[in-house]
Amino acid sequence: MHKHLDKILLSEEQLQSKVRELGARISSDYQDKNLVVLGILKGAVVFLADLIREIKVPLELDFMAVSSYGMSTHASGVVRILKDLERDIVGKDVLIIEDIVDTGLTLSYLKENLRARNPASLKICTLLDKPDRRKVPILPDYKGYNIPDEFVVGYGLDYGERYRNLPYIGVLKPEYYQD
Ligand code: IMP
Ligand code: MG
């Protein structure tokens, strides 16, 4: 285990089996659809890379980047689009892939923004959810795990751009972040 962590919350094996389960559900739900997998940079890339290899129906891949935490562990509530989609999504079945839903502010903004572009459908798949932290109502359509209100890193999730490459998800020791 990385020495900055208090504990491992989700092991590599747990993550891989959850990803397989989600991939199977998505594959069966999106038969005969025009699936666009929309990854939210950068946190979702590790999850997305594993997940799409478990999706057995044709799909297009696109990405958006939005501002979130910066170096802090607190949500600012301000969402800014840093990188937009490359292709339009009119009539497409868009599945947003997120690493974690926390306050819900990012996704509630994104859903509204994307719905205005007239996709055929718009759903959310998140690996992690912290339901206790919600400020606006967001219900993910596909979810890996509910987790307690602790700051986690690894498997794409960062603190100050570090730890994304850990193959598991762990809880950061408080002395390594300023709350
Ligand atoms: P929300 O808008 O508050 O739901 O924030 C979602 C974003 O905050 C995620 O995409 C993450 O980038 C970041 N985030 C929230 N909680 C954590 C955490 O525990 N570890 C790392 N990033 C987090
Ligand atoms: Mg982040």
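Sequential numbering from 1 along the given sequence is applied to the chain's residues. Note that this is a predicted model, so its numbers are computed, not measured. Ligands are counted one by one from 1 in listed order, and the atoms in each one are counted from 1 as well.
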Which class fits the ring pair Phe47 and Tyr155: parallel under 30°, tilted 30 to 60°, perpendicular over 60°?
tilted
Atoms of ligand 1, numbered as shown, that sit under 4.0 Å from any heavy atom of Glu150
19 (O)
Looking at Phe63, is Lys83 sitting on its ring face, NZ or CZ under 6.0 Å from the six-membered ring centre and within 45 degrees of the normal?
no
Need the ligand 1 atom indices (1-based, order shown) with element for anything under 4.0 Å from a heavy-atom of Gly104.
1 (P), 3 (O), 4 (O)
Separation between NZ of Lys56 and OG of Ser27, rounded to the nearest 0.5 Å
7.0 Å
Lys135 to ligand 1, any heavy atom closer than 4.0 Å
no
Are any of the heavy atoms in Asp99 under 4.0 Å away from ligand 1?
yes
If hydrogens are left out, which of Asp102, Ile100, Leu157 has an atom nearest to atom 14 (N) of ligand 1, that is, the closest non-hydrogen atom?
Ile100
From the options Val66, Thr106, Asp149, Leu41, select the one whose nearest heavy atom is closest to atom 2 (O) of ligand 1.
Thr106
Rounded to the nearest 0.5 Å, how far apart are CG of Asn146 and CG of Leu128?
9.5 Å
Report the part of Ile40 (side chain from C-beta onward, or backbone N, CA, C, O) that has a heavy atom under 4.0 Å from ligand 1; answer both or neither where that applies.
neither
Atom pair CG/CG of Leu110 and Leu105 - distance to nearest 0.5 Å
11.0 Å
Under 6.0 Å between ring centres, would you say that holds for Phe151 and Tyr177?
yes
State if Arg133 counts as touching ligand 1 under the rule of any non-hydrogen atom under 4.0 Å.
no
